Every structure is written in C-alpha cells, then in structure tokens.
Student: 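Please see the structure below; I have some questions.
So that the names make sense, note that chain A is the first sequence line, chain B the second, and so on, each numbered from 1. Keep in mind that what you see is a predicted model, and the values were worked out from it rather than measured. Computed over heavy atoms, backbone and side chain alike; hydrogens, waters and symmetry mates excluded.
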2 protein chains.
Amino acid sequence: MSNTTEGLTKPMSTCADCGVRERAICQSLCDTDLDALNRIGRRQTIERGQTLQWQGDDSLLVGNVIDGVLKLSSTSTDGRDQTLGIMFASDFIGRPFGKVTDHSIVALTDAKICTFPRAAFDDFARDHPDLEHGLLQRTLTELDRTRQWMVLLGRKSATERVSAFLLEMADRLADNDNDAAPLRFALPFGRQEIGDLLGLTIETVSRQITRLREDGVIETPDRRSIVVLDRDALEACAG
Amino acid sequence: MSNTTEGLTKPMSTCADCGVRERAICQSLCDTDLDALNRIGRRQTIERGQTLQWQGDDSLLVGNVIDGVLKLSSTSTDGRDQTLGIMFASDFIGRPFGKVTDHSIVALTDAKICTFPRAAFDDFARDHPDLEHGLLQRTLTELDRTRQWMVLLGRKSATERVSAFLLEMADRLADNDNDAAPLRFALPFGRQEIGDLLGLTIETVSRQITRLREDGVIETPDRRSIVVLDRDALEACAG
DNA sequence: CGTATTTTTGAACCCTGTCAACTATCGTGG
DNA sequence: CCACGATAGTTGACAGGGTTCAAAAATACG
C-alpha cells in the first residue's frame, strides 16, 4: 500500500512505516494496542556522542532503537570506563520496572529511537502479557550475551579479546551477500571505545589490530573499516 | 494451621511449607495456580559438587533454589573457567524459553531445589502473566548484577576484586543481628572458586587475602570463614 | 597417623598498562 | 587547494601486576 496521506504530517510518526516494526518488542501487538502504545511514545533523533541517560539517574525513559548504534557504559569514580553492551536497531533500551539505571546510554552514531516514559510503559506492559513476554525473551537473550562477555573479560588474553570482538562485529555488521567475498564492515567504534568494550587500553587494542594486519588476517582500509581476509585464522586467535 | 495429614506422606512436598514460598517467583500465584504448578514440579536434593546442568546441554530443567548455593559457570575448550553467577535460596535457575543453556549449573553446597521440566514450565508461565512478570523482574535484576560484575572483571585490580567480593559476600551471607559486631561469615567457596568468580588465579586470590589479613582488615579463623574487622578499609580497597 | 587435598609462599617471567613521542587523518578556514 | 590545528591512532621503552611453575605448609580425611 502506498501512503495516501502524504503531506498530512502527524506530530508523531506512525508505527506502520517503522523500520523495526517486525523485529522490536512491538511485534506482538495488534494494531489497536500498537496505536495505544504509540500514543504514549515519541520518536526522537539523537546525535553521535550524545548521552541519552546518565549513570545513576532516575530511570525515566525506555524505548526501542530504530536506527543507529548505542552503547551502555559504566564509569567508576576514578574515570575507568567499561562498556556493558551495544544496542542496535530493534533492541530495547532502558530499565523498565526499576527506579534507577546504573549505566549511561550513549549514541555511538546518529540514531533514531522511539521512547516512552518509563512509568507509562510499565503500566502498559503490565496490561499486555504478550509484550511482557517479548521483553522477557529479549532480557534473557541479553543476559546470555552478557554472560558470554564475562568469559571474555575474565579469562581471555588481549589477542583473544580483539579477535572475538572482530568476529562478533563481522556477524552483526557485515553485509555478507556473498559468502566467498571477504567480510567487510565499518565499525561504529573508535579505538578507545573498543578498549572500553574489551577491558583493554587503547594502546593494546591498537597493537593487536596492527599485529592481525601484519599477519595477513585482516586489512584496515581506513580507521574504522575492517576486512577479514582469513576468518579461520581469526577464529583460531579468538580461542 | 498445623499439618493434620501427618503420616500420609505425599510423593511431592507441598508448597505450603516451602521456605522460599514468599520470596521465589511463586509468590505471585494464588493457591489454585500454585497447586497446578506444583503438580508439574518436583523437589530434589543435590550434593555439593554435583552438576545439575552441563554447559551446552539442552535446556530441560528450570526451577527455584530452596536451600543451598549454586554457581553458573562457563568452561572454555582449554579448561579456563569463569563463574557467571551465584544463586542462593529463592533464586530462579535455568533458561526458560530457550533450547540450550550455555553454562553449567553446579552445587557449591548441598542444596534443595524445586525443578520443572522446561517445556511444561514455559507453557504454564505463558498462561500466568503475573508469574512471567516476576520472572522478568528477576531477570532484569540479574542482568543489572551481571553488568556490575563486568566492571569488576574488565577494569578492577586484584585487590579491588577480592575486596569487592568480600563486601558482597558480607552483605549476602552475614547474619548481622548486631550492627556493632564484626561481620562474620562462612564462604561457600574454596580459593579456586573465588578465582573463577573474579577472573584471577588461585595464587593471586590467596595473596590478596593474606595481605588483607596482614593489614588487619580481615581475619580468617578457618579456611572458609571471614571476619571483617574494618569495613571502611575494605570499602576503600574495593575502589 | 599417614595420605590426599587445599592453601600458602617463593621466584622468574611475561603480558599489559603507562608514559611519551611520533604519525596519520579529519575538519576548517584562508 | 593547501595550510593549519585538532583529534585519533600508532609505536617505542619501560615498569609492574598477575600468571606460571615449583615446592612447602596447613588442613581434611580415612
């Protein structure tokens, strides 16, 4: 169906044309419920580098990532930073059913998100078991992923961490229309951000990437691009 | 009410006398629903050291911890072990709504648990939104806790890790009937298990504990007991 | 009381962090 | 289009915290 109401711009975008309509938690809702949810939310764009939510702040917002990449991060009093997770399109962000969020949410790229006041969302979710079920599924998956990351942080060497990181990014970011072609992707991270993610310093990350390049495992066409030349070798490095 | 059917032992214990009845996810269920849930579950005891679920196995069981302490752990191919979480009485274990569990569940002490076949539990939960809500709350809390632990694994020194660990155990295990009295508790862990939890070797853990004792921050009456003499100092060490 | 297990202690080593300097890249304005 | 400064990334030297390997000490267990 083409959009016949073109020109009649509404204050809030409709869910119908939402890029993540079929993948975000909203997928479980019928049109009526979706409309009701839409009425308590709003779309917003945030710029790269902008902080959506500060660590320790009251949890006032939750929402869906429509486009772009965000990170969750925790900074200790002395300035050490640890990234806790990366959120992509269709992922759910924020802490429902809780007063505070003890991590920051920062945009790594320009991003589009669809946000809801937490209290209103909580109420809505309580009335819609299918939505809560979707949220539970997502939370369980995120917990699985986070636990996997703990193994990396607790037990892996710098080489293993960087290799595992590149492999995960290859899976999540590469547009592998062709299996035979070398994996190529643009990281939404600078070196420091990779370090924060892997629990390493920027220098160590840089050295590991240099070494992988010198060994012919990857290429780095520009600062943020990676081409995986030898996936097997990379997997071997990831342990 | 006293138990008037004493002697008529049923094959399955009732929920009425369950020690975690008010704290586990079952708390949201009315008597009728509780009875229905009870009918698909069973109580079992497991011995210290026993593995309830192996990493990579099909997720066939979920359940509540009634008594004792269990750990979730992940072992990489080369034998390195990382503990992913510690489960106490009233905690929920297992991976509902998913085919596999990619961590092991091991009893650190003799334990009592109340288990359900996963598929049957999943179905039951889908029909009981309040139960799913409780499960969601728990999962969100566990995710918060796990993310906090990531900071420890990614960014903290050995001293900070051991101190933070002892403080958390003090909060979870000490029977502090008296605020002024020094915190005292018995760890359900050996040194190796502490290492697996903190991403350190057994030797490093041992040295850190020795140092804390020499500095007069703690005492170690026996292998597994800890007395916190100077909580402020311990908090300072934890960063 | 002897053996197995756990914990502690010691010494050498090495990976990663730290500090510093250098290089490359990006963006801006002349 | 180039010059310039600002930002990001790389490289080198060095030190230190934690691991590794080895052995002794303490504790648990039969």
Side-chain angles (χ1 to χ4, degrees), chain A residues 47-49 76 78-82 108-110 151-166 186-215 218-226 237-239, chain B residues 47-49 76 78-82 108-110 151-166 186-215 218-226 237-239:
Chain A
E47 278 169 34
R48 171 175 164 177
S76 28
D78 59 352
R80 282 173 292 181
D81 226 81
Q82 176 64 49
L108 292 173
T109 65
D110 292 346
V151 178
L152 183 145
L153 292 178
R155 293 300 188 194
K156 299 209 165 175
S157 69
T159 310
E160 292 172 321
R161 292 185 202 198
V162 171
S163 306
F165 164 76
L166 291 177
L187 296 170
F189 312 103
R191 295 289 185 267
Q192 180 62 61
E193 285 161 339
I194 298 175
D196 290 344
L197 200 45
L198 300 178
L200 298 171
T201 58
I202 182 173
E203 294 94 335
T204 301
V205 172
S206 179
R207 278 188 254 269
Q208 294 301 331
I209 289 180
T210 299
R211 209 166 73 74
L212 286 171
R213 187 181 51 241
E214 284 171 349
D215 292 353
I218 60 169
E219 264 174 9
T220 53
D222 67 74
R223 283 185 173 195
R224 292 184 164 219
S225 291
I226 300 282
C237 288
Chain B
E47 277 168 36
R48 169 174 165 180
S76 25
D78 60 351
R80 283 174 291 182
D81 226 81
Q82 177 65 49
L108 292 173
T109 65
D110 291 347
V151 177
L152 183 145
L153 292 178
R155 294 301 190 191
K156 299 209 164 176
S157 70
T159 312
E160 291 171 321
R161 292 185 202 198
V162 172
S163 305
F165 163 76
L166 291 176
L187 295 170
F189 313 102
R191 296 288 185 268
Q192 180 62 58
E193 285 161 338
I194 298 175
D196 290 344
L197 200 46
L198 301 178
L200 298 170
T201 58
I202 183 174
E203 294 94 332
T204 302
V205 172
S206 177
R207 279 187 252 270
Q208 294 300 331
I209 288 179
T210 300
R211 209 165 73 75
L212 286 171
R213 187 180 51 241
E214 285 172 348
D215 292 352
I218 61 170
E219 264 173 6
T220 52
D222 67 72
R223 279 185 176 196
R224 292 185 165 217
S225 291
I226 300 282
C237 288

Student: I'd like a table of atom pairs between the protein and nucleotides 16-19 of chain D - only N or O on both sides, under 3.5 Å - with the distance next to each one.
Tutor:
from	atom 1	to	atom 2	distance (Å)
D:dG18	OP1	B:Ala158	N	2.6
D:dT19	OP2	B:Thr201	N	3.4
D:dT19	OP2	B:Thr201	OG1	3.1
D:dT19	OP2	B:Thr204	OG1	2.3

Student: Quick one: salt bridge (charged side-chain N to carboxylate O under 4.0 Å, His left out) partners of A:Arg191, sequence neighbours excluded?
Tutor: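 With sequence neighbours excluded, A:Arg191 shows a salt bridge (charged side-chain N to carboxylate O under 4.0 Å, His left out) to no residue whatsoever.
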
Student: When you check the phosphate oxygens OP1 and OP2 of D:dT10, does a side-chain N or O of A:Arg191 lie under 4.0 Å from one of them?
Tutor: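 So the side-chain polar atoms of A:Arg191 do come within 4.0 Å of the phosphate oxygens OP1 or OP2 of D:dT10, strictly under.
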
Student: Out of A:Ile194, A:Leu153, A:Val205, which residue meets the side-chain contact (heavy atoms from CB on, under 4.5 Å) rule with A:Leu200?
Tutor: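 Only one option passes, and that is A:Val205.
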
Student: In whole angstrom, what separates A:Arg213's CZ from D:dT11's P?
Tutor: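 That distance rounds to 6 Å.
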
Student: Any sub-3.5 Å donor-acceptor pair from B:Arg223's side-chain atoms to B:Gly190's backbone N or O?
Tutor: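 Such a contact is absent between B:Arg223 side chain and B:Gly190 backbone.
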
Student: Measure the angle between the two terminal helix axes of the helix from C:dC1-D:dG30 to C:dG30-D:dC1, five base pairs each, and quote it to 10°.
Tutor: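 What I find for the helix from C:dC1-D:dG30 to C:dG30-D:dC1 is an axis angle of 40°.
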
Student: Taking the side chain from B:Ser206 and the backbone from B:Ile202, do they hold a donor-acceptor pair closer than 3.5 Å?
Tutor: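 No, B:Ser206 side chain to B:Ile202 backbone: no donor-acceptor pair under 3.5 Å.
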
Student: Using a 4.0 Å cut-off to any heavy atom of chain A, which nucleotides of DNA chain C are the first and last in contact, reading 5' to 3'?
Tutor: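 Using the under 4.0 Å cut-off, the span is C:dT16 to C:dT25.
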
Student: Could you pull out all residues at least two apart from B:Glu160 that satisfy side chain to side chain contact (heavy atoms under 4.5 Å, CB included)?
Tutor: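 In terms of side chain to side chain contact (heavy atoms under 4.5 Å, CB included), with neighbours along the sequence ignored, B:Glu160 is linked to A:Arg80, B:Lys156, B:Ser157.
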
Student: For a quick check of understanding: with a heavy-atom distance under 4.0 Å over all strands, which category does B:Ser206 fall into, base, sugar-phosphate or nothing?
Tutor: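 B:Ser206: base contact, heavy atoms under 4.0 Å.
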
Student: Under the side-chain hydrogen bond (donor to acceptor under 3.5 Å, both in side chains) rule, collect the residues that match up with B:Gln192, sequence neighbours excluded.
Tutor: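 Partners of B:Gln192 under the side-chain hydrogen bond (donor to acceptor under 3.5 Å, both in side chains) test: B:Asp196.
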
Student: Using side-chain contact (heavy atoms from CB on, under 4.5 Å), reason through A:Arg224 and A:Asp222 one step at a time and then give a plain yes or no.
Tutor: CA-CA 6 Å; A:Arg224 292 184 164 219; A:Asp222 67 74; 4.1 Å; yes

Student: Determine whether the side chains of B:Arg48 and B:Thr109 contain a donor N or O and an acceptor N or O closer than 3.5 Å.
Tutor: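 B:Thr109 and B:Arg48 do not have a side-chain donor-acceptor pair below 3.5 Å.
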
Student: What's the verdict on side-chain contact (heavy atoms from CB on, under 4.5 Å) for B:Ser163 and B:Leu212, showing C-alpha distance, side-chain angles and the deciding distance?
Tutor: CA-CA 9 Å; B:Ser163 305; B:Leu212 286 171; 4.2 Å; yes

Student: In whole angstrom, give the distance that lies between atom CD1 of A:Ile202 and atom C1' of D:dT11.
Tutor: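 Whole-Å distance recorded here is 13 Å.
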
Student: Check whether A:Gln82 reaches the backbone of A:Leu197 with its side chain - one donor and one acceptor, N or O, closer than 3.5 Å.
Tutor: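 Yes, the answer is positive, given that a donor and an acceptor are paired below the 3.5 Å cut-off.
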
